[in-house]
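Residue numbers begin at 1 in each chain, while the letters A, B, ... track the order of the sequences.
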Amino acid sequence: MTSLPLLLCSLLYLGLLFSVAYWAEKRTRKGRRFIDNPYVYALSISVYCTAWTFYGSVGRASSDGIEYLTSFIGPTLGAPLWWSIQRKIIRICKTQRITSIADFISSRYGKSRMLGVMATLLCVLGAIPYISIQLKAITTSFAVLSGQPLTGASGAFLSNQALIISLALALFTILFGTRKLEATEQHEGLVTAIAFESIVKLVAFLSIGLFVTFSLFDGPADLFEQAAAIPSLVKLFTFSSSTSTTNWFWYSCLSMMAILFLPRQFQVAVVENVDEKHLNKAMWLFPLYLFLINLFVLPLTFAGKLLLSPAVDADNYVLSLPLQFGQNGLALLAYIGGFSAATSMIIVETIALSVMISNNVVMPILVNRPSWQTRFDPMTGGASRSSIVITIRRLAIVSLLLLAYIYYHYVANHYSLVSVGVISFVAVAQFTPAMIGGLFWKRGSQQGAKVGLLMGALVWLYTLIMPSLVSVGLLPTSIVSDGPFGLAFLKPYEFLGLTGLDPISHALFWSLFFNTGGYLWGAFNRPQSLIEQNQALLFVDVFRLARSGEQSVTWNGQALATDLRSLLATFFGEEPTRRALDRYIQRNQLSVGSDYADPRLVTYAEKWLAGAIGTASARIMVASVTNEEPLSVDEVIHILKASQELMTVNKKLTRKSAELQQMTQQLSLANERLKQTDQQKDDFVSTVTHEIRTPLTSIRALSEILHDQTDMDEQVRQEFLSRVIRETERLSRLINQVLDMERYDSGRYSLNLERIAMADLISESVENVAQLARDKGVWLEVCPTLAPLSVNGDRDRLMQVLINLLSNAIKFAPADTGHVRICLQAHEHWAELSVTDNGVGIEPDVQQLIFEKFYQASNQTVRKPKGSGLGLAISKKIIDLHNGNISVLSAPGQGAQFICSLPAYYT
Amino acid sequence: MKVLIVDDEPNILLSLEYLMKKEGYRVFIARDGAEAFDIIRQELPDLLLLDVMMPRVDGYEVCQFVKQSPEYQHCKVIFLSAKSKEADIQKGLDLGADLYLPKPFSTRELVAKAHELMQN
């Protein structure tokens with residue numbers, strides 16, 4: 001096969017990948033999320049299986065036997081732990097909006113920028129060799145298939161396929177991962193493409209395995225029988241005393257850590273996760289995938305050993321076997337499988353790293369520049385800023401691939417796929433103390449994480465990277481064989497005299513030893529700062545916090561009290577804000593002397609705000625007035641997205657606060673009315689007692705005299721006694737009326753409704769007061785024509801009103817010349833009853849007051865006959881109860897006319 | 001001794017008139033403050049039994065008038081009133097009244113106090 005069609009095939013495959021991604025994104029925009037599915041999730045996690053797995057497993061099996069399985073046993077054994085570790089990481093990342101492992105470590109340990117940079121550097125250092133072996137795998141497989149000699153190491157730096165492929169992949173990754181900026185860093189298309197690639201590499205590998213096992217041999221039994229005949233092969237698939245159990249242990253641990261903390265695994269398993277529940281299925285689907293892809297490793301190894309010439313590199317068996325037996329189609333499939341394994345790793349890894357580089361290294365520097373400090377200006381700056389971020393990421397991707405290419409060109413060419421891959425694993429394993437400690441141990445501190453990471457990284461560099469530089473001739477070999485400066489205890493492969501472990505286990509042991517030691521030392525050495533304690537709490541207790549909804553963040557930054565107030569006021573209104581804050585300040589005895597708000601007040605403000613707009617937004621809003629630290633780009637973008645939502649919330653709040661204000665007004669009005677009623681009640685009581693005292697005084701005086709004066713004239717005696725009786729009657733009448741009044745006032749009185757002919761009522765009431773009028777010499781006249789009207793009313797009560805009006809009129813009419821007239825007229829649907837007298841009349845300014853209780857008692861200016869002062873008030877109540885109306889027409893000296901209107905109908 | 005009884009309540013007028021006559025006073029009655037002024041000017045009474053709440057001119061005004069005019073210096077004033085709050089009593093005494101009896105009062109006490117005032 002020549003190289004041109006092969007190149008075209010590779011490009012076509014990339015095109016296919018891109019279509020898959022494009023299709024998935026289009027589906028997502030239509031609301032049918034393809035990646036919301038545990039199978040796609042598990043397949044995307046299978047990005048774990050790179051070219052190292054595809055080609056390298058066979059390579060490793062042919063040299064180390066079944067030890068190759070450790071890379072898969074580790075993750076399989078570790079998968080059940082995902083439920084406690086991975087799920088917690090996912091939850092934390094979702095709540096804290098974390099987008100990479102560097103971000104995670106930085107955020108967990110007090111949002112330390114330094115830690116973010118360190119973690120990013122370690123990731124980059126660990127990833128470059130790893131990416132470079134993918135390039136190597138692609139280039140090698142390309143060369144094998146096209147039958148060209150390998151030019152990698154010997155050819156000129158700029159003239160080989162590896163470079164072309166690196167650049168093509170850079171372009172492809174840029175198209176995939178950095179077309180637009182997402183606050184969540186989720187890439188639907190990318191994940192779908194990765195899942196697709198996982199299927200391709202599995203199908204390719206299984207096809208080769210089936211071909212070799214069943215076509216070149218008569219099934220597995222035949223294959224193993226043949227292999228068993230050769231002693232050197234027997235050694236490969238049996239455990240013997242020479243197999244190091246220690247190595248098995250360390251390798252399994254290593255891969256167990258790598259699956260959790262490799263940047264690309266973190267990206268697909270945590271950042272791209274859309275539902276925690278997908279973990280349930282992934283926990284057994286992913287090990288199943290690992291099992292399937294490893295099923296034919298040993299058969300292929302044996303077949304290669306048995307059928308191919310010893311000159312063929314075992315890393316290439318997968319390709320060479322079909323090629324050797326003329327199966328060009330299968331060989332191409334194998335190439336595509338390996339290509340997909342390599343590209344998926346490169347794409348995800350570089351995207352994950354580019355996010356780290358932009359968010360944890362470059363942006364913190366940019367954001368500190370004054371032009372980035374205008375935080376509340378996302379409208380003008382947002383677009384250009386996001387384009388800056390994208391540019392940074394694109395540059396990062398290109399640089400990473402170029403670095404990987406350089407590493408490949410000068411170093412990786414000399415190593416097998418597996419050994420370079422494992423070096424990367426050890427780098428990533430350095431995150432274990434900081435991550436596991438950060439997840440489960442609140443004491444874990446920033447200093448500990450820094451010291452641990454630094455020491456682990458240094459040991460890693462010293463025990464693994466330095467020797468690799470030695471072997472390519474960059475450093476003298478004496479360093480490895482004798483130790484630097486001839487100090488034997490510093491030999492990189494036998495550090496501090498530790499022997500008996502292979503270089504990887506050795507490096508892993510020492511790096512983790514110093515890393516964990518440094519982490520613990522830091523945790524116990526210095527107390528945590530406030531923000532560290534906070535973040536520790538938020539991370540370690542993420543499940544508990546989410547349940548109780550108390551995301552208590554203590555702010556250690558400073559916020560101007562006025563800024564805080566005006567922020568809250570925009571949501572809750574000036575007055576309620578002032579009241580709530582003042583109350584909080586008073587209750588907690590916070591000092592208000594400084595211009596800056598007390599941190600507790602800031603926390604309180606955030607919590608208060610969180611009740612209205614949610615915790616995350618509240619944090620951002622409070623952060624905007626707190627100079628704790630500058631907003632990250634992702635937060636700026638989040639604000640952009642949330643501002644729409646916020647505006648709606650704000651509108652609702654404004655409406656609510658207006659309603660509240662109205663309610664307050666109504667309440668104070670009601671309160672005023674209540675106070676008035678209370679005052680009236682007081683007045684009423686004092687008037688009643690006064691009114692009771694008057695007859696009581698008379699009774700006491702009269703009866704005391706009757707009692708003391710034994711020689712009283714019989715006639716005077718009788719007069720006195722009859723006055724006592726009259727006053728007693730007055731007293732009981734008064735008490736009855738007060739009780740009546742009370743009943744009407746409290747609304748406990750219900751009318752006894754019946755149909756009443758008004759004319760009957762009038763004649764009856766006139767009869768009732770006729771004697772009174774005769775005694776005083778008042779002419780009581782009933783109008784000759786009374787309208788034939790009936791009302792629906794309470795007879796006794798209406799009679800009471802009429803008698804009251806008539807007797808009042810008689811009382812105020814002058815003796816002997818008095819004239820009282822009662823009339824009834826129809827006025828639309830109203831019966832208009834009038835009682836007119838020719839008495840003293842009523843001053844205009846008191847005409848309304850006479851219907852008030854006890855008006856007469858405390859305000860009389862003219863002499864007139866006395867009543868209880870309740871008569872008219874009771875009359876008015878009764879008429880009101882009948883839905884009627886009572887009023888008076890009068891002028892001083894010209895008599896008075898009381899008019900009483902009631903709803904009526906013709907008889 | 002002349003006593004003027006001022007009240008708008010007929011029963012009080014009747015009973016006190018009977019009582020004071022029995023005690024040997026020359027009794028005059030007025031049904032409000034205005035009537036009282038006339039009688040005071042004409043008769044120069046030695047004792048005023050004064051209600052507070054009356055139409056037209058109230059008892060306080062009558063008391064003030066009597067106590068401020070030198071020619072009525074000798075006239076003693078006893079308020080008889082249903083207004084029994086501390087402030088009302090204090091107001092009456094501040095205007096120069098010699099005694100303030102809240103209603104309902106004891107006729108025996110009234111007679112005793114009146115005698116007392118007349119002897120001084």
Proximity breakdown for P102(B) and chain A, heavy-atom pairs closer than 4.5 Å: neither
Minimum heavy-atom distance E704(A)-F105(B), with the two atoms named: OE1-O, 4.4 Å
Say you draw a straight line from CZ of R108(B) to CG of D708(A); how long is it, rounded to the nearest 0.5 Å? 4.0 Å
Answer yes or no: does atom NE2 of H74(B) have more than 12 heavy-atom neighbours from other residues, nucleotides or ligands under 6.0 Å? yes
Report the residues that fulfil side-chain contact (heavy atoms from CB on, under 4.5 Å) with D775(A), sequence neighbours left out, ordered by chain and then residue number. Q771(A)
Is there a side-chain contact between S84(B) and R693(A) (heavy atoms, below 4.5 Å)? yes
Chain B contact via V716(A) - which portion, at a heavy-atom distance below 4.5 Å: side chain
Measure the OG-CD1 distance between S15(B) and I699(A) for me, rounded to the nearest 0.5 Å. 11.5 Å
Any ion pair linking R723(A) and E9(B) (charged N to carboxylate O, less than 4.0 Å)? no
From K22(B) NZ over to D711(A) CG, what is the distance, rounded to the nearest 0.5 angstrom? 3.0 Å
Would you say the side chain of R700(A) lies within less than 4.5 Å of the side chain of S106(B), judging by non-hydrogen atoms? yes
Heavy-atom pairs under 4.5 Å with chain B, option from L696(A), L702(A), T689(A) with the top count: L702(A)
More than 12 non-hydrogen atoms from neighbouring residues, nucleotides or ligands closer than 6.0 Å to NZ on K113(B), yes or no? no
When D7(B), N11(B), I12(B), L80(B) are each screened for side chain to side chain contact (heavy atoms under 4.5 Å, CB included) with T697(A), the one that passes is I12(B)
